[in-house]
Amino acid sequence: MAQDNSPNKTITMNQRRSRTKFTEDQLKILIKAFHQNPYPGYATKQRINSVEINTDESRIQIWFQNRRARHQCQKKSEPDEDLESSQDQDHSEEEIQSREDRRCRTSYTSSQLHTLIKAFMNNPYPGIDTREQLAKEIGIPESRVQIWFQNRRSRFHVQRKREPDDQDSEQRQDQEQDL
DNA sequence: ACTAATCTGATCATACCCTGTATGATCAGCGCATTAGT
């Protein structure tokens, strides 16, 4: 079972997570919470989820991210239309700075990292199935696995940019010295 | 069409170690990120 070497047909490999469908009641709760604080901390998101929504904290986080993206559009296009909700406009910079606590930093054991790195080399864009399988294998929530892959890819790209090829950078250094 | 899921790249924050580096968490996205399920 370890080897599923179907080299082609990778089309369905990167499957997305199935789309979450929030009920009207759940949306009401989320929107209300958003008005109270569009940047809830981990504890708040967990509370909202466990008490009212009962899905997964990471889904709540994504909902807030998407909502913020859309909400800012609206604000710019119609700034004074929204007078009813003027309550939520008084988010001063101080308030944003005193944001609630983040999730605790996850620390991975070397064997967990080994598994993740191996998977990354195999496929840096794993779909939901692969991520869940990995999560189960190393005993860490799937949402953390997803973040790990995001960070890994991002840093991989950055590193590649920094060292495109040595010849170019050497030439550039020479030119700089001439100046 | 609407919006959840996903992506990159930048930045904040913390563990580990020696004040910097590696990396997990969070954020925006700008003539308003893109992709894709319902």
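To find a chain, count down the sequence lines: A is the first, B the second, and so on, and within it residues start at 1.
Nucleotides B:dT26 and B:dC30, compared at atom P, are 22 Å apart to the nearest Å. The same atom, C1', is picked in B:dG37 and in B:dT8; the two are 23 Å apart, to the nearest Å. B:dA33 and B:dG29: their C1' atoms are spaced 4 Å apart (whole Å). Rounded to the nearest Å, the gap between the P atom of B:dT19 and that of B:dA13 is 22 Å. For the P atoms, the distance linking B:dT6 with B:dA10 amounts to 23 Å, nearest Å. Rounded to the nearest Å, the gap between the P atom of B:dA4 and that of B:dG9 is 25 Å. Between B:dA28 and B:dC32, the distance separating the two C1' atoms is 11 Å to the nearest Å. Taking the P atom of each, B:dC7 and B:dT35 are spaced 12 Å apart, rounded to whole Å.
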Restricting to nitrogen or oxygen on both sides, can you table the protein-nucleotides 2-4 of chain B pairs closer than 3.5 Å?
{"unit_1": "B:dT3", "atom_1": "O4'", "unit_2": "A:Arg19", "atom_2": "NH2", "d": "3.2"}
{"unit_1": "B:dT3", "atom_1": "O2", "unit_2": "A:Arg19", "atom_2": "NH1", "d": "2.9"}
{"unit_1": "B:dT3", "atom_1": "O2", "unit_2": "A:Arg19", "atom_2": "NH2", "d": "3.0"}
{"unit_1": "B:dA4", "atom_1": "OP2", "unit_2": "A:Arg70", "atom_2": "NH2", "d": "3.1"}
{"unit_1": "B:dA4", "atom_1": "O3'", "unit_2": "A:Thr20", "atom_2": "N", "d": "3.1"}

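Summarising the geometry, the separation between NE2 on A:His71 and P on B:dC27 is reported as 15 Å, rounded to the nearest angstrom.
A:Arg67 has its side chain within reach of A:Phe34: a pair of non-hydrogen atoms, C-beta onward, lies under 4.5 Å apart. Here the side chains of A:Gln46 and A:Arg103 are not in contact, with every heavy-atom distance at 4.5 Å or above. Residues A:Glu100 and A:Tyr39 fail the side-chain proximity criterion, which asks for heavy atoms closer than 4.5 Å. Residues A:Ile29 and A:Lys32 have side chains not in contact (no heavy-atom distance under 4.5 Å, counting atoms from C-beta outward). Two residues are said to be in side-chain contact when any heavy atoms from C-beta on lie closer than 4.5 Å; A:Ile60 and A:Ile53 meet this criterion.
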For residues 136-152 of chain A, tabulate all N or O donor-acceptor pairs below 3.5 Å that involve a side-chain atom, not counting sequence neighbours.
{"unit_1": "A:Glu142", "atom_1": "OE1", "unit_2": "A:Arg17", "atom_2": "NH1", "d": "3.3"}
{"unit_1": "A:Glu142", "atom_1": "OE1", "unit_2": "A:Arg17", "atom_2": "NH2", "d": "2.9"}
{"unit_1": "A:Glu142", "atom_1": "OE2", "unit_2": "A:Arg17", "atom_2": "NH2", "d": "3.3"}
{"unit_1": "A:Glu142", "atom_1": "OE2", "unit_2": "A:Arg131", "atom_2": "NE", "d": "2.6"}
{"unit_1": "A:Glu142", "atom_1": "OE2", "unit_2": "A:Arg131", "atom_2": "NH2", "d": "3.2"}
{"unit_1": "A:Gln146", "atom_1": "OE1", "unit_2": "A:Arg17", "atom_2": "NH2", "d": "3.3"}

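At least one donor-acceptor pair closer than 3.5 Å links the side chain of A:Arg153 to the backbone N or O of A:Pro124. Looking only at distances, a side-chain donor or acceptor of A:Gln112 sits under 3.5 Å from a matching main-chain atom of A:Thr109.
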### Task
Determine, for nucleotides 20-26 of chain B in 5'-to-3' order, which nucleotides have protein heavy atoms under 4.0 Å from the base (write B), from only the sugar-phosphate (write S), or from neither (write -).
--BBBBB
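A donor atom on one side chain and an acceptor atom on the other are not found under 3.5 Å apart for A:Thr23 and A:Asp25.
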